[in-house]
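Report on the structure given below.
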Amino acid sequence: MRKKFLKTSSALAMALLGLMLLSTGCSGGGELQAGAAPLSCAQLSGMAIAATAIGLPTTGAIVIDAHSVPPAGTGAAAIGEYCQVKGEINPVDPAAPKIKFQLDLPGAWNHKALMFGGGGYNGTVPDASGNVPAGPVDMPKPLARGYATFASDSGHQANQLGSRDGSFGQNDEALQNFAGDALKKTHDVALYLIKQYYAGALPQKSYFAGGSTGGREALAVAQRWPQDWDGVIVLYPAWAAASLDLQFGRITRAFAMPGAYLNLAKRKVLYDAALQACDALDGVRDGLISNMQACNSSFDPATATLNGAPLRCAGGIEAVGNSSDNCLSDAQIAALKTYGTAISFNSPLGSGETQYPGFNVWGADLGLAGDSAAQKTVRLLAMGDSQPAQPMPTDAPYWATFWDQWVKYFVMRNPASDSLSFDPQQPGAWKARVDQLTILQDVNKTDLSAFRARGGKILMAHGMSDALVSTRSSEDYFRRLQSTMGSAEVAGFVRYYEIPGYGHSLSTVFNAAWDSLTALENWVEQGKAPVSQVVADTAGIPGRTRPLCEFPAWPKYSGAGDINLAASFSCATQ
């Protein structure tokens with residue numbers, strides 16, 4: 001009996017010791033203090049992170065694999081040896097998926113950290129050794145600069161639809177993770193592991209960079225966890241995510257109408273007509289529409305011409321045969337005008353939003369013909385290759401499949417739902433659910449005083465020709481910041497730029513390259529606010545440059561000089 005008691009006591013003692021270690025956030029060696037002996041990369045493999053080390057509810061995390069990656073590449077593409085860590089953050093709900101993450105720890109650490117945001121519905125872990133959105137190819141990437149970099153799949157693993165897979169929305173915890181909670185959980189796990197690996201040291205500066213959903217995530221961390229971040233890079237942010245989904249629904253239903261969808265030839269006709277009408281509004285014909293406000297005010301596909309011929313088909317009706325490819329029918333013009341105008345909600349949504357703006361359709365690449373990988377991606381992110389229908393084709397416009405998934409899995413949670421029959425402006429019995437989702441997904445807080453007070457800085461940019469997230473929504477958010485905090489206050493920590501010809505994350509017209517990370521570092525770490533920023537084109541005319549103009553200004557040709565050089569343009573408002 002005594003032996004049995006001792007054996008039981010010993011087991012209890014060991015169990016209590018284990019619980020004590022977990023409660024301190026350790027996996028077996030006590031909390032590391034600064035100056036402690038560093039761990040090897042291999043020693044991180046299998047390391048457990050207690051739930052108490054994570055600022056939001058989980059059941060802890062574990063490192064699945066950690067191994068050294070040898071140096072590779074040359075020049076600006078060179079990356080030194082680093083430790084690649086992959087792991088999982090466990091949910092509270094056993095039915096919820098795990099959050100998968102990757103953390104890259106450079107051998108020559110600069111004592112800074114950078115987190116990457118995702119895209120679409122996420123579902124895959126972004127490459128932590130990659131670049132910031134629209135980052136320059138002739139400069140070292142963050143990991144090569146010495147950053148400890150990390151990212152996650154936001155708490156679910158995508159199916160064959162990739163970033164358009166919304167099936168995870170049936171689970172509450174997975175949905176909350178996607179809406180933002182995974183950002184905090186991943187951050188806390190990454191910093192715990194950074195501290196373990198670098199002998200108790202934590203990053204002296206932490207930055208976040210993301211575009212689209214990643215741009216929403218960048219604004220989310222500044223709004224919700226300002227104490228964790230020193231600066232964020234925000235590209236084409238889908239910040240009012242659920243409101244945008246409702247606009248997607250309105251646009252999808254418009255293009256699903258008989259005869260409303262535009263084939264590739266008709267998109268090219270529209271693009272050429274807009275360029276012919278609006279290109280010179282910035283002072284020169286350079287293949288870019290820079291004075292977008294003037295173009296939106298003056299161009300109308302119902303009255304526009306192309307090479308002297310009306311853009312509208314005779315009588316507004318398509319002729320039979322290929323001859324109709326050189327004009328637009330009334331059904332197509334009506335759908336395009338829906339695309340270019342705001343959705344207004346009959347009553348404020350749960351998030352307080354009353355509308356989502358239209359898109360800069362005129363002059364945007366809506367998915368033109370072309371077999372290059374870049375053009376195929378542009379087409380995927382715009383109007384795709386098939387008309388919206390029920391069931392939704394996988395090659396339908398990106399916004400149509402996104403809407404379809406949102407209705408099926410976020411709103412109705414029924415994969416058999418018909419998203420085309422759901423009216424985004426008349427949700428009926430689903431109004432309460434839609435309101436709930438907008439509260440969860442719309443990242444629309446505009447009092448960033450806490451982020452500003454700790455010295456946080458925001459660099460935000462958006463392409464003028466974005467066909468997936470409205471440029472006007474970024475303008476709206478920036479104006480709201482100014483209204484809430486005051487223009488002078490906002491100027492002390494935010495810059496917002498618009499880029500002519502740039503679409504959503506990629507463009508074959510003007511593919512932007514901007515060294516935003518250096519600009520952010522200089523502002524945060526040296527107090528040098530960005531001035532005379534320049535963006536370069538890597539696709540349309542590789543090497544041409546334009547000034548990055550602070551909104552509401554745009555690049556205007558000065559009247560002389562090389563039209564491919566930023567120096568020949570000034571920032572104007574009229």
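For this chain, numbers begin at 1 and follow the sequence in order.
Considering all non-hydrogen atoms of both residues, L448 and Y477 come closest at CD1-OH, 3.9 Å. Listed here is the closest heavy atom pair of S163 and Y398: OG-OH, 2.7 Å. When every heavy atom of A128 is checked against every heavy atom of Q102, the shortest pair comes out as CB-NE2, 3.9 Å. For the pair I499 and A512, the tightest heavy-atom approach, listed with the atom from each and the gap, is CD1-CB, 4.0 Å. Contact record, A158 with D165: CA-OD2, 3.4 Å, taken as the closest heavy-atom pair. The two atoms that bring P203 and I194 nearest to each other are CD-CG2, 4.1 Å, heavy atoms only.
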* Can you check side-chain contact (heavy atoms from CB on, under 4.5 Å) on L114 and V132, steps first, answer last? -> CA-CA 9 Å; L114 186 142; V132 299; 4.3 Å; yes

* Chi angles and distances behind the side-chain contact (heavy atoms from CB on, under 4.5 Å) call for F451, I458 -> CA-CA 10 Å; F451 184 71; I458 297 174; 3.6 Å; yes

* To do: Check step by step if side-chain contact (heavy atoms from CB on, under 4.5 Å) holds for E217 and N122.
  => CA-CA 11 Å; E217 293 168 343; N122 293 335; 3.0 Å; yes

* Asked: Could you walk me through whether T538 and N511 pass the side-chain hydrogen bond (donor to acceptor under 3.5 Å, both in side chains) check?
  -> CA-CA 5 Å; T538 67; N511 196 50; 2.9 Å; yes

* **Candidate pair H187 and F208, rule side-chain contact (heavy atoms from CB on, under 4.5 Å), full reasoning** => CA-CA 10 Å; H187 166 273; F208 191 105; over 6 Å; no

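Taking the side chain as every heavy atom from C-beta outward, C549 and F569 never approach each other to under 4.5 Å. K185 has its side chain out of reach of F101: every pair of non-hydrogen atoms, C-beta onward, lies at least 4.5 Å apart. You'll find the side chain of H462 reaches within 4.5 Å of the side chain of V469, heavy atoms only. Residues L349 and L246 meet the side-chain proximity criterion, which asks for heavy atoms closer than 4.5 Å. Counting heavy atoms from C-beta outward, I343 and P424 have side chains that approach closer than 4.5 Å. For the pair S212/S505, no side-chain contact is recorded, criterion being any heavy-atom separation below 4.5 Å from C-beta on. Side-chain contact between I289 and S465 is absent, with no heavy-atom pair separated by less than 4.5 Å. Side-chain atoms of R472 and N296, non-hydrogen and from C-beta on, do get closer than 4.5 Å to each other.
A salt bridge does not link D395 to R379: none of the charged nitrogens lies less than 4.0 Å from a carboxylate oxygen. At a threshold of 4.0 Å, the pair R267-D365 does not count as salt-bridged, since none of the basic side-chain nitrogens sits closer than that to a carboxylate oxygen. Under 4.0 Å is where a charged nitrogen must lie from a carboxylate oxygen, and between D127 and K141 no such pair does. Between D228 and K184, at least one side-chain N (NZ, or NE/NH1/NH2) sits under 4.0 Å from a carboxylate O, which counts as a salt bridge. Using a 4.0 Å cut-off between charged nitrogen and carboxylate oxygen, D476 and R480 count as a salt-bridge pair.
Using modelled atom types and a 3.5 Å distance limit, the side chains of D466 and T471 yield no donor-acceptor pair. Side chains of T341 and R250: a donor-acceptor N/O pair is present below 3.5 angstrom, by distance only. Residues Q482 and R479 bring no donor and acceptor atom of their side chains to less than 3.5 Å of each other. Looking at Y356 and S473, their side chains do bring a donor and an acceptor atom within 3.5 Å of each other. Side-chain contact annotation: D442 with S243, donor-acceptor N/O pair under 3.5 Å present.
Remark: side-chain polar atoms of N522 are not paired, donor with acceptor, to backbone N or O of Q526 under 3.5 angstrom. With R253 contributing its side chain and L420 its backbone, the two residues share a donor-acceptor pair below 3.5 Å. Counting only distance, with no hydrogens or angles, the side chain of D245 and the backbone of F402 share no donor-acceptor pair below 3.5 Å. Here the side chain of T213 pairs a donor or acceptor atom with the backbone of G120 at under 3.5 angstrom. Side chain of N360 to backbone of G363: no donor-acceptor contact under 3.5 angstrom is found. E550 contributes no side-chain N or O that, together with a main-chain N or O of R495, makes up a donor-acceptor pair within less than 3.5 Å. At distances below 3.5 Å, at least one donor-acceptor pair connects side-chain atoms of R454 with backbone N or O atoms of W229. At distances below 3.5 Å, at least one donor-acceptor pair connects side-chain atoms of T438 with backbone N or O atoms of G350. A donor-acceptor pair under 3.5 Å is absent between the side-chain atoms of Y147 and the main chain of D104, judged by distance alone. With hydrogens and angles disregarded, no donor-acceptor distance shorter than 3.5 Å links the side chain of N346 to the backbone of Q426.
Other residues, nucleotides and ligands contribute over 12 non-hydrogen atoms within 6.0 Å of the CD atom of Q227. Summarising the local packing, CD of Q533 is surrounded by more than 12 heavy atoms from other residues, nucleotides or ligands at distances under 6.0 Å. A 6.0 Å sphere centred on NZ of K86 holds no more than 12 heavy atoms belonging to other residues, nucleotides or ligands.
Taken to the nearest 0.5 Å, the OG1 atom of T338 stands 8.0 Å off from the CD1 atom of I251. With values rounded to the nearest 0.5 angstrom, I89 atom CD1 is found 11.5 Å from K100 atom NZ. Atoms CG and OG1, from L506 and T377 in turn, are 6.0 Å apart once rounded to the nearest 0.5 Å. With rounding to the nearest 0.5 Å, the separation of CZ in F150 from CG in L193 is 10.5 Å. Of the inter-residue distances, the one linking L437 atom CG with Q441 atom CD reads 5.5 Å to the nearest 0.5 angstrom. Distance CH2/W403 to CG/L244: 11.0 Å, rounded to 0.5 Å.
The side-chain tip of R216 points at the ring of F178 from less than 6.0 angstrom away and within 45° of straight on. Cation-pi check for R544 over F510 is not met; the charged atom does not lie both under 6.0 angstrom from the ring centroid and within 45 degrees of its normal.
Classified by interplanar angle (parallel below 30°, tilted 30° to 60°, perpendicular above 60°), the ring pair F359/F248 is parallel. Ring planes of F478 and Y496: tilted class, angle from 30 to 60°. Under the 30°/60° scheme for interplanar angles, the aromatic rings of F410 and W406 are found to be tilted.
Of the options K528, K205, R145, a salt bridge (charged side-chain N to carboxylate O under 4.0 Å, His left out) to E521 is made by R145 and by none of the others. When each of K457, Q204, K112 is tested with E525 by the rule side-chain hydrogen bond (donor to acceptor under 3.5 Å, both in side chains), just one qualifies, namely K112.
For F255 and W399, the distance between ring centers is under 6.0 angstrom.
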